[in-house]
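I have a structure here, written as structure tokens, and I will follow up with some questions on it.
Indexing begins at 1, ligand by ligand and atom by atom, following the structure's order. For the single chain, residues carry numbers from 1 onward in sequence order. All of these numbers come straight from a predicted model, not from anything done at the bench.
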Amino acid sequence: MSLMFSSPVVTPALGSFTFSSRPRSNYIVMSAVRSNSASTCPILTKFQKDCDTPTPYLRNVANAIADDMRDGLAVEGGGDLEMILTFVDALPSGNEEGLFYALDLGGTNFRVRSVQLGGKKERVLATESEQISISQKLMIGTSEELFGFIASKLASFVAKEKPGRFLLEEGRKRELGFTFSFPVKQTSIDSGTLSKWTKGFKVSGMEGKNVVACLNEAMEAHGLDMRVSALVNDGVGTLAGARYWDEDVMVGVILGTGTNACYVEQKHAIPKLRSKSSSGTTIINTEWGGFSKILPQTIFDLEMDETSLNPGEHLYEKMISGMYLGEIVRRVLLHMCETSDLFGHFVPAKLSTPLALRTEHLCKMQEDNTDDLRDVGSILYDFLDVEANMNARRRVVEVCDTVVKRGGRLAGAGIVAILEKIEKDTKRMGSGKRTVVAMDGALYEKYPQYRQYMQDALVELLGHKLASHVAIKHTKDVSGLGAALLAATNSIY
Ligand code: ADP
Ligand code: MG
């Protein structure tokens, strides 16, 4: 696996991976689990078996995702994947000029960004951004509260602007690219209604409403002279922002709190697109998190799903994205605790608390290189009130590894489904053309084992030859730039 560093963008990309034909390595797996593996534990053994994703099974998953993609392109609601038309036909060219804004709402934080674009040569002249966390209360409150809060933060962001650095052309309203990363039925580039909340949001009175109107109204109420010019999601934003710097980018994938993927599709391959012109390309927002077939669901996944805000839905997202991996592990550990004396004779209250273990903790535990797995011990103690001996610590790491391996490999299968769809229509990779998947999200960025498992699955399913033309490029935080660029592309001026 070669690691190349890409040229700095607005926020420097950390690097990108290209696939070489080197045989796959098990190094990370072995270092995480260790050779003197925990003595047998029936619950763990069964869990590992239930989570297993051998290559032929993974191939079936990739094929099933591809089938749902095709069905979703044929008719509205044809498959688990919504395959939403984004109304983004033109990706940024580099010629965009002027001051534009981006607002990204879709997870634990929202981000605002200003970008002064200087055209082909000068590109990004200036940019500022700010990240603001969204309280649990706002996530399940009313739309007035949520959008009022966002508009007020946006207004103070604009008020702090240094006049010399940013220049709004006279007579113009400020224009904003709104990244709204929830399933939206898009009706034009600057309007769309929310289909359903995901990722722990449940703001009342919003489903079926035009989210752009909600934001425009809130901005007006706060005296902010700004309008939404483009409504996108984070996958589209990532794809557009990454494409600004690299024209081989064909796919944008998010692996963070939630997950999604967008890609460049040929219009003639979209039967449900009832437009006169079937030439050219357009961006499809797959909403792949909604995929829910033939997944290796265990009893722990089922129980977690039942208590989620959207039971029975988004099962793929619940297996591969950051919001859920820690919670699955916690449920397995709780079961181990209840049915064996692995962690002593009582069940600590914290271990029974939903979301007490986060994906960040799994990552830290898998990174633990100490002889006595000291970090594993302290995370279990600090976050779950569990005192674990060496044997128990090893088992915990195995549980983490099992969940992360399944997640990473399934994410890889999804990417393969998209790449093979692109390949079928364009023969890009087959003819040796570099094809880039722009990737964003802290799960991908910060969890090396997850990344490795994902890449293993990609090579296993694509084969070394095709995979050698694929680059997974970590494009951190370009979705804001992408949204601002799409606001520029769709400016009313
Ligand atoms: P969002 O998806 O909310 O826009 P991010 O891309 O920052 O935001 O993703 C945040 C998610 O990434 C967290 O919910 C968590 O699941 C996961 N994550 C954050 N930090 C780490 C880490 N160090 N290791 C593994 N996963 C992490
Ligand atoms: Mg995000």
Closest to atom 19 (C) of ligand 1 among S181, A442, S479 (heavy-atom distance)
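Among S181, A442, S479, the closest heavy atom to atom 19 (C) of ligand 1 belongs to A442.
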
Which is closest to atom 2 (O) of ligand 1 by heavy-atom distance: I254, L105, T257, I134?
T257

Determine, considering heavy atoms only, which of Q366, E445, E360 sits nearest to atom 27 (C) of ligand 1.
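It is E360 that holds the nearest heavy atom.
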
Is there a side-chain contact between L215 and L176 (heavy atoms, below 4.5 Å)?
yes

Taking only heavy atoms of G441, which atoms of ligand 1 are found under 4.0 Å from at least one of them?
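Here the atoms of ligand 1 in question are 6 (O).
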
Assess whether atom NZ of K350 is packed by more than 12 heavy atoms of other residues, nucleotides or ligands within 6.0 Å.
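More than 12 within 6.0 Å, yes.
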
Just which atoms of ligand 1 are under 4.0 Å from any heavy atom in Y447?
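Near Y447, the atoms of ligand 1 are 25 (C).
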
With a 4.0 Å heavy-atom cut-off (strictly under), which part of C363 contacts ligand 1: side chain, backbone, both or neither?
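Side chain only.
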
Ionic contact status for K160 with E128, cut-off 4.0 Å
no

Can you check whether G322 has an N/O within less than 3.5 Å of an N/O in ligand 1?
yes

Between Y444 and Y450, is the ring centre distance below 6.0 Å?
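So the answer is no for these two rings.
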
Could you check whether R174 makes a cation-pi contact with Y101, meaning its NZ or CZ is under 6.0 Å from the centre of the six-membered ring and within 45° of the ring axis?
no

Is the distance between the ring centroids of F180 and F182 under 6.0 Å?
yes

